[in-house]
Amino acid sequence: VIQDFDTQPPDVKLELLTATVKLFFARPPEVQAMLGQLLHKGISTCNHHDVRDRALAYHRLLEYSVDEAKRVICSPKDLIHAFQDEQ
């Protein structure tokens, strides 16, 4: 997966970054090296700005605090029942 990261489309790279960070929260020892390599590739070698920005944001969050990163990244999503213009 890491070797093919550069050849993947941007949407796949974004999902791969997010999935790997979430997996890191569940299994840190096994995922730490892989996550480090993906973040490095996302920040240093990727030319797509969304991928680079997300990798950099994850890196900075994790550098600041793993617990805060988990709270931000894994926060529950509220279900939207009605949009403003429908009310």
Side-chain angles (χ1 to χ4, degrees):
V1 172
I2 298 171
Q3 295 82 6
D4 297 333
F5 185 77
D6 295 328
T7 62
Q8 298 297 327
D11 292 342
V12 172
K13 290 178 183 179
L14 291 170
E15 292 300 324
L16 186 58
L17 282 169
T18 301
T20 306
V21 169
K22 288 181 178 182
L23 185 59
F24 170 75
F25 296 136
R27 303 182 67 104
E30 294 96 337
V31 180
Q32 185 174 5
M34 181 173 68
L35 178 59
Q37 291 176 14
L38 284 177
L39 290 175
H40 176 73
K41 284 184 176 239
I43 294 168
S44 302
T45 64
C46 188
N47 58 2
H48 193 273
H49 65 278
D50 288 338
V51 175
R52 187 174 56 248
D53 289 348
R54 184 170 300 177
L56 192 56
Y58 286 165
H59 179 268
R60 288 180 178 165
L61 270 170
L62 289 165
E63 193 173 52
Y64 175 73
S65 168
V66 173
D67 291 331
E68 280 298 307
K70 183 176 182 178
R71 186 184 67 77
V72 170
I73 296 167
C74 296
S75 62
K77 310 297 186 263
D78 293 332
L79 185 60
I80 299 173
H81 296 286
F83 291 97
Q84 183 66 27
D85 47 331
E86 292 176 0
Q87 296 178 351

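Sparse packing is recorded around CD of Gln32, with 12 or fewer heavy atoms of other residues, nucleotides or ligands lying under 6.0 Å away. Open room surrounds NE2 on His40; 12 or fewer heavy atoms of other groups in view lie less than 6.0 Å from it.
How far CZ of Arg52 is from OG of Ser44: 10.0 Å, rounded to the nearest 0.5 Å. Note that CG of Leu35 and CG of Leu23 are 9.0 Å apart. Values are rounded to the nearest 0.5 Å.
Heavy-atom minimum distance, Thr7 versus Asp4: OG1-O, 2.8 Å. Taking all atoms of both residues into account, the shortest heavy-atom contact from Pro10 to Val51 is O-CG2, 3.8 Å.
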* To do: Run the numbers on Lys41 and Asp6 for side chain to side chain contact (heavy atoms under 4.5 Å, CB included), then give the verdict.
  => CA-CA 8 Å; Lys41 284 184 176 239; Asp6 295 328; 3.6 Å; yes
* To do: Would you check, one step at a time, whether the test side chain to side chain contact (heavy atoms under 4.5 Å, CB included) holds for Val72 with Tyr64?
  => CA-CA 12 Å; Val72 170; Tyr64 175 73; over 6 Å; no
* Evaluate the side chain to side chain contact (heavy atoms under 4.5 Å, CB included) criterion for residues Ile73 and Phe25: first the C-alpha distance (whole Å), next the side-chain angles of each, then the deciding distance (0.1 Å), finally the verdict. => CA-CA 10 Å; Ile73 296 167; Phe25 296 136; 4.1 Å; yes
* Working for side chain to side chain contact (heavy atoms under 4.5 Å, CB included), residues Thr20 and Leu39 -> CA-CA 10 Å; Thr20 306; Leu39 290 175; over 6 Å; no
* Asked: Taking it one step at a time, do Thr18 and Arg54 satisfy side chain to side chain donor-acceptor pair (under 3.5 Å)?
  -> CA-CA 9 Å; Thr18 301; Arg54 184 170 300 177; 3.2 Å; yes
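When side chains are defined from C-beta on, Tyr58 does not count as touching Leu38, because their heavy atoms never get closer than 4.5 Å. Side-chain contact between Ile43 and His59: present, with at least one pair of heavy atoms (C-beta onward) separated by less than 4.5 Å. Contact annotation: the side chain of Cys46 approaches that of Lys13 to within less than 4.5 Å [non-hydrogen atoms, C-beta and beyond]. Within the 4.5 Å cutoff, the side chain of Val12 has no heavy atoms near those of the Phe5 side chain.
With sequence neighbours excluded, the residues forming a side-chain hydrogen bond (donor to acceptor under 3.5 Å, both in side chains) with Arg27 are Glu30, listed by chain and number.
Val66 and Leu56 fall into different hydrophobic clusters, defined by Ile, Leu, Val, Met, Phe, Trp and Tyr side-chain heavy atoms under 4.5 Å apart, directly or through other members.
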